Amino acid sequence: MNEISTTCPYCGVGCGVLASAGAGETAVVRGDPEHPSNYGRLCSKGAALGETVDLDGRLLYPQISGQRVSWDAALDHVAAGFRRIISEHGPDAVAFYVSGQLLTEDYYVANKLMKGFIGSANIDTNSRLCMSSSVAGHKRAFGSDTVPGCYEDLEQAELLVLVGSNAAWCHPVLFQRIRAAKEQHPERKLIVIDPRRTATCDIADLHLPVKSGSDAVLFNGLLTYLFQNGRVDFNYLEAATEGYGRALQAARDSAASIPTVAAACGIAEQDLARFYHLFATTERVVTIYSQGVNQSSSGTDKVNAVINCHLATGRIGRPGMGPFSVTGQPNAMGGREVGGLANQLAAHMDFDNPRHVGSVRRFWQAPNMATRPGLKAVDMFRAVDDGRIKAIWIMATNPVVSLPDADRVREALRKCELVVVSDCIANTDTTACSQVLLPAAAWGEKDGTVTNSERRISRQRTFLPTAGEARPDWWMVCEVAKRLGHGQAFAFQSPTQIFREHAALSGFENDGARDFDLSGLVSISDDDYTRLRPVQWPVTSAQGLGTNRMFSDGKFFTPSRKARFIAVDPRLPANSPNDEFPMVLNTGRVRDHWHTLTRTGKSPRLSAHTLEPYAELHPRDAARLHINDGALLRLYSRWGWMIARAAISDAQRPGSVFVPMHWNAQFAARGRVGALVNPETDPVSGQPESKHTPVRVEPYAPKWQGFIISRRPLNLPVLDYWVVAVGRQFWRYELASETLPEKWGPWARKLLCADDRAHAEWVEYLDGAAGRYRGARLVGNRLDSCLFVANNQNLPPRTWLGQLFAQENLSKQDRMSLLMGVPSKDHADGGRVVCSCFGVGINTLTAAIRDEGLETVEAIGKNLKAGTNCGSCIPELKALIKEAGARKVS
Ligand code: SF4
């Protein structure tokens with residue numbers, strides 16, 4: 001087996017993967033034991049990568065207005081469109097919207113073309129939505145966008161504080177490293193600060209379920225507490241920082257005491273006091289934060305409120321301590337390095353520094369250097385909407401799903417003169433709004449570098465043949481640049497050549513003034529680039545092996561070389577709940593899905609964990625709204641509405657509702673939460689308020705609900721609600737509608753028996769009075785499809801029926817149980833899948849825990865294998881053991 005060492009394309013942990021082409025259109029993957037990010041581990045998503053590389057749904061050829069064209073025709077069309085619009089309306093009438101899925105080399109040429117040659121800074125990345133507040137906070141505090149620490153710090157810390165970070169689901173391998181360190185050192189403490197009780201709380205010593213948006217008060221309170229309790233390191237303050245007095249004053253004004261802060265954050269005083277005491281008295285503290293902090297209209301202030309506390313205690317730049325922003329996407333960091341954000345120039349240089357603008361102009365020999373920032377993501381699509389931007393090239397991202405106020409984004413694109421989308425997937429909500437489609441090489445086909453959350457640059461390498469006529473993104477950008485008359489500056493023949501130029505720019509006129517410096521890699525040979533081992537920047541001639549920790553010398557990258565405290569005046573979220581929209585919507589990820597499902601939605605094992613968009617509500621809210629667990633509900637905000645399945649849980653704060661971000665028009669009708677999300681942004685970072693949208697929740701009572709399981713994908717008629725998920729040998733559709741068909745039998749047969757099959761047989765059962773219908777098609781005694789309908793949510797278990805699709809022959813008993821809608825005793829319903837790797841369901845686990853007396857995760861692993869591969873399900877296994885224990889006691 002020819003294994004290639006590459007990097008996982010999902011989250012910012014940046015795990016190393018050993019991959020090879022498998023049978024058919026699959027890949028065989030395992031964790032790279034030598035990669036320093038994961039040392040062989042993979043989470044459920046990484047472990048299922050092999051199921052996502054097939055060509056089903058791939059965009060294989062260039063298209064203009066739905067017609068296949070040659071690459072030359074497509075690229076000529078794009079270049080001509082951009083040239084015409086630039087000449088008629090100026091360079092700011094065009095834009096690129098790029099992505100943390102791009103490789104650094106793709107990003108580099110896109111940024112160079114827009115900022116140096118087109119002459120606009122209208123290039124922004126979807127990383128704007130996940131971590132731009134961290135970038136802004138870093139720059140305010142350190143003078144540079146620098147993550148100070150490394151993953152070892154998380155294992156060396158005596159106290160880990162996770163703020164707005166469900167690492168167990170969103171950065172699972174990092175969480176596994178943290179868990180392992182805690183198991184080795186049980187005396188170490190872990191605190192989770194999050195409005196929700198998430199899977200990360202599984203190993204927490206303390207959970208602070210703060211009110212949404214109150215993080216800045218919490219950390220201002222900590223800054224006050226550190227001062228009041230004599231825990232400030234004044235020597236460090238004097239030597240390495242500035243602005244402490246103003247920051248402390250602002251903290252005391254807004255968060256003077258534990259009772260004030262506890263009330264503002266909605267938490268118990270003794271819990272708050274415990275957190276402050278632990279932080280104050282523990283030397284090695286790391287504060288990890290991610291989207292819960294960043295995705296806010298005051299996200300930058302929240303980031304600085306966290307950093308202030310580390311500066312006040314001098315806990316930065318040393319082993320086991322520091323503020324630690326973890327990024328969402330595999331190459332969000334690479335985008336920051338090249339200048340993929342509209343307010344950055346390139347190589348960590350800035351528009352507001354004329355020397356930087358001059359350096360980049362000279363280095364690129366740029367004829368049309370942009371000299372001021374461009375439009376950030378939300379503003380960029382507003383400019384598309386109002387016609388200021390007339391041409392946009394969207395690369396490797398799906399803004400019609402992921403941006404806030406997403407319906408408006410869709411409308412904006414529909415009326416835009418020229419929308420070009422380069423993607424590896426043919427049908428997305430965004431490709432549906434484009435005129436030109438350019439097929440991009442996918443993971444496994446492309447070659448380049450990515451940077452993870454700890455500044456570690458790793459290679460993504462090719463191990464699969466390129467699909468159809470797909471090409472790397474960097475190649476497309478260079479081809480368009482050539483057609484715009486910039487051939488010489490974009491004459492790259494390989495990602496290696498681009499990487500060398502990127503490294504050279506980072507060192508150009510640098511003299512130690514900028515920490516993003518890859519000058520040690522400027523002369524990297526083609527062979528050395530091929531073999532490049534993971535390395536953390538800066539990589540200079542003096543630090544040829546990279547740098548694991550920054551700021552150890554107490555020197556920063558501000559003009560004074562001192563770190564800056566920022567005075568934080570906490571602000572409430574931009575839109576508060578009101579009579580019309582009394583609850584707060586929070587959005588985020590689920591364990592086994594990634595972004596807008598374009599990749600993980602192809603994997604049966606990943607799709608089995610969460611089948612539908614859901615809305616998690618506190619039991620008190622559910623009771624008040626007369627909503628049962630598993631019922632359908634509607635959510636409304638000022639910007640849009642959606643339908644989701646209710647999940648009732650006391651993990652939610654009363655008044656809050658959580659909805660996952662993944663579903664879109666390809667996988668669900670009305671499942672796109674982005675349509676509801678508040679488009680308010682942080683004034684410094686431009687990051688939207690994705691964690692705080694006022695909403696109204698209402699029960700939804702359609703005339704009927706049902707589901708279909710079919711061996712083939714279906715063309716559904718128009719329905720008010722549907723969701724599709726792929727299974728092992730079937731597609732599963734959840735359905736609901738306010739309109740009843742005239743007769744169920746003909747409706748079902750038209751949908752499921754359209755193809756003529758020998759030995760096909762349709763069996764059905766109707767109880768009109770009870771509003772119940774069941775139908776199944778058997779082909780040669782093998783289950784081909786089935787439909788179950790009721791006038792409420794009480795429908796047969798789906799997992800059992802899914803199991804029947806694995807059988808070549810149904811027994812008499814199976815046939816009877818099929819129409820009865822009750823599993824036979826030979827086919828117990830395993831229930832919703834908890835362990836994706838081994839397909840172990842919740843009913844199987846609950847029964848084994850009860851009947852076999854399993855009391856540990858290890859015992860479950862021995863019995864059922866669950867939890868013994870990637871470990872992503874361990875928090876859920878522990879929760880099941882705990883629930884069983886509680887049931888026994890009661
Ligand atoms: Fe991929 Fe999982 Fe590692 Fe993230 S934690 S990089 S999703 S394997």
Side-chain angles (χ1 to χ4, degrees), residues 5-19 27-53 100-101 103 127 130-131 147 150-151 154-155 162 165-181 198-200 288 290-291 324-334 442-444 449-461 534 588-603 605-607 609-610 660-662 835-837 867 869-875:
S5 141
T6 183
T7 311
C8 174
Y10 292 127
C11 82
V13 178
C15 295
V17 174
L18 296 176
V28 180
V29 300
R30 66 185 174 107
D32 182 349
E34 287 177 19
H35 196 288
S37 297
N38 57 318
Y39 296 107
R41 299 173 175 93
L42 289 179
C43 74
S44 51
K45 293 185 283 284
L49 271 166
E51 290 183 15
T52 64
V53 297
Q101 297 288 314
L103 304 183
S127 305
C130 75
M131 46 88 251
V147 173
C150 54
Y151 291 164
L154 312 183
E155 293 164 327
L162 287 106
S165 170
N166 182 12
W169 281 17
C170 303
H171 299 95
V173 165
L174 219 46
F175 181 74
Q176 288 174 31
R177 287 180 66 165
I178 293 168
R179 177 200 292 281
T198 63
T200 303
I288 300 174
S290 56
Q291 275 69 332
F324 206 122
S325 146
V326 283
T327 54
Q329 296 192 80
N331 201 26
M333 289 285 267
W443 181 79
T449 55
V450 290
T451 308
N452 74 358
S453 297
E454 56 165 355
R455 291 174 284 104
R456 191 179 297 281
I457 298 169
S458 297
R459 292 277 276 108
Q460 266 196 25
R461 294 184 172 91
R589 291 182 177 151
V590 299
R591 192 191 77 187
D592 286 356
H593 275 313
W594 175 253
H595 279 196
T596 60
L597 294 178
T598 47
R599 199 176 347 226
T600 51
K602 295 174 106 182
S603 161
R605 73 163 131 159
L606 294 179
S607 299
H609 182 253
T610 313
M661 59 183 258
H662 310 285
C835 170
S836 306
C837 296
N869 187 35
C870 77
S872 294
C873 63
I874 288 175

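Positions are given from 1 along the sequence. Bear in mind the structure is a predicted one, so any value in this text is a computation, not a measurement. We count ligands from 1, going down the list as the structure has it; atoms in each ligand are counted the same way.
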Atom 4 (Fe) of ligand 1 to His171: any N/O/S contact under 2.8 Å?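 For His171, the answer is no, given that no N, O or S atom comes within less than 2.8 Å of atom 4 (Fe) of ligand 1.
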Going by the order shown, which atoms of ligand 1 are within less than 4.0 Å of some heavy atom of [X]?
{"X": "Tyr10", "result": "7 (S)"}
{"X": "Leu42", "result": "8 (S)"}
{"X": "Val173", "result": "3 (Fe), 5 (S)"}
{"X": "Gly14", "result": "6 (S)"}

Measuring from Met661:CE to Trp594:CH2, what's the distance to the nearest 0.5 Å?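 Rounded to the nearest 0.5 Å, the CE-CH2 separation comes to 7.5 Å.
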Atom pair OG1 (Thr610) and CZ (Arg591), whose distance is rounded to the nearest 0.5 Å: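 Here the interatomic distance stands at 7.5 Å.
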Can you check whether [Y]'s main-chain N or O pairs, donor with acceptor, with [X]'s side chain at less than 3.5 Å?
{"X": "Ser872", "Y": "Ser44", "value": "yes"}
{"X": "Tyr151", "Y": "Pro36", "value": "no"}
{"X": "Ser603", "Y": "Thr600", "value": "no"}

Among all protein heavy atoms in this structure, tell me which lies nearest to [atom], with the distance rounded to 0.1 Å.
{"atom": "atom 4 (Fe) of ligand 1", "answer": "Cys11 SG, 2.3 Å"}
{"atom": "atom 2 (Fe) of ligand 1", "answer": "Cys43 SG, 2.3 Å"}
{"atom": "atom 1 (Fe) of ligand 1", "answer": "Cys8 SG, 2.3 Å"}
{"atom": "atom 3 (Fe) of ligand 1", "answer": "Cys15 SG, 2.3 Å"}

Hey, what's the ring geometry for His593 with His662, parallel, tilted or perpendicular (30° and 60° as the breaks)?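 Tilted: the ring planes of His593 and His662 meet at 30° to 60°.
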Pair Ser458, His35 - check side chain to side chain donor-acceptor pair (under 3.5 Å), show working. CA-CA 9 Å; Ser458 297; His35 196 288; 2.9 Å; yes
